[in-house]
Structure formats: C-alpha cells, structure tokens
Amino acid sequence: MKYMIMMFGSAEGMMETADPAWIKEMVGFMIQIDKDLTESGELVFNAGLADGSTAKLVKQTSDGVITTDGPYAESKESLVGYWVVDVASEERAVEICSSIVKYSQVVELRAIPDGPPEV
C-alpha cells in the first residue's frame, strides 16, 4: 500500500530559533531515513519544500483568478517535506512516521488509493 507521509513546520522559524546542533542532528536523520527507505525498497519518492513564506496561492473568485502570497493554511507552519512510501502495512507506515515526529510536532499519514473513487 502506498502512503504519503507529510512533515509540517516552518523552516524559516526553525533556522531562527532552533539549536544549531539540533538542526545538524535533524538533517543527518533526514539523510539517513532517505537512505534507509531507499535500501529497503519502500521509498517511491520524496522532496523537501521551500519555506511556506515563499508560497503563492492561486484562487478562483467571482472576479476571476487572483494570486496572493503565503501558504494555504493561516499559520506559520505548513508542509515542509514529504515522502511517498510503498509499504506492507499501515503499521509500517506509522512506524516510519513515529521516527520522523521527533523533528516535526505533527506528521500526517495519508493512504494513496490506486485510482479515483468509483462513481
């Protein structure tokens, strides 16, 4: 089963407030988990994202399409990176999330279906 594991936070805020040793530890962890998931054959793909402060929203309004600054959520924390994994069970996906959550207060896990729902 495929799952998307989403990590939330604020890269800009982290760089301003976190202990540099903790940041180095976190970066090392991210490099290692990517290697581990690749070696196990569970990693489909992954990416880190630029800070949410660089985001643009494109919205459809009654006046047409508008573009505004900022992430969709009205908070300083937003999606900062993700992994798509193909694992044997939801329990394995939760196990992976459990190792990531140390570096992000919340990790969202969402199943990726094989196709759209039947109508």
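Note that the NZ atom of Lys2 and the CG atom of Asp114 stand 7.0 Å from one another [nearest 0.5 Å]. Considering CD1 of Ile96 and OG of Ser40, their distance stands at 7.0 Å, rounded to 0.5 Å.
Residues passing the salt bridge (charged side-chain N to carboxylate O under 4.0 Å, His left out) test with Arg110, sequence neighbours excluded: Glu108. In terms of the side chain to side chain contact (heavy atoms under 4.5 Å, CB included) criterion, residue partners of Met4 (sequence neighbours excluded) are, by chain and number, Met6, Tyr82, Val84, Ile112. Applying the side chain to side chain contact (heavy atoms under 4.5 Å, CB included) test to Val80 and every residue at least two apart in sequence or in another chain returns Met7.
Summarising the hydrophobic clusters (Ile, Leu, Val, Met, Phe, Trp, Tyr; side-chain heavy atoms under 4.5 Å, direct or chained), the residues clustered with Val58 are Val65.
Using a 4.5 Å heavy-atom cutoff, the side chains of Val85 and Leu37 are in contact. At a threshold of 4.5 Å between non-hydrogen side-chain atoms, the residues Val87 and Met1 do not count as touching. Side-chain contact between Lys59 and Thr68 is present, with at least one heavy-atom pair separated by less than 4.5 Å. Side-chain atoms of Ile100 and Ile5, non-hydrogen and from C-beta on, do get closer than 4.5 Å to each other.
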Atom pairs and distances, donor-acceptor, side-chain atoms in residues 21-34, under 3.5 Å, two or more places apart:
residue : atom : partner : partner atom : Å
Glu25   : OE2  : Lys102  : NZ           : 2.8
Glu25   : OE2  : Tyr103  : OH           : 2.7
Gln32   : NE2  : Asp36   : OD1          : 2.7
Asp34   : OD1  : Asn46   : ND2          : 3.1
Asp34   : OD1  : Trp83   : NE1          : 2.8
Asp34   : OD2  : Asn46   : ND2          : 3.1

Under 3.5 Å, which donor-acceptor pairs do the side chains of residues 88-95 form with other protein atoms, sequence neighbours left out?
residue : atom : partner : partner atom : Å
Ser89   : OG   : Glu91   : N            : 3.4
Ser89   : OG   : Glu91   : OE1          : 3.4
Ser89   : OG   : Arg92   : N            : 3.2
Arg92   : NE   : Glu42   : OE1          : 3.4
Arg92   : NE   : Glu42   : OE2          : 2.9
Arg92   : NH1  : Glu95   : OE2          : 3.3
Arg92   : NH2  : Glu42   : OE1          : 2.8

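Linking ILVMFWY residues whenever their side-chain heavy atoms come closer than 4.5 Å, directly or via other members, places Val101 and Tyr3 in the same cluster.
Without hydrogens or angle criteria, Ser104 side chain to Val107 main chain gives no donor-acceptor distance under 3.5 Å.
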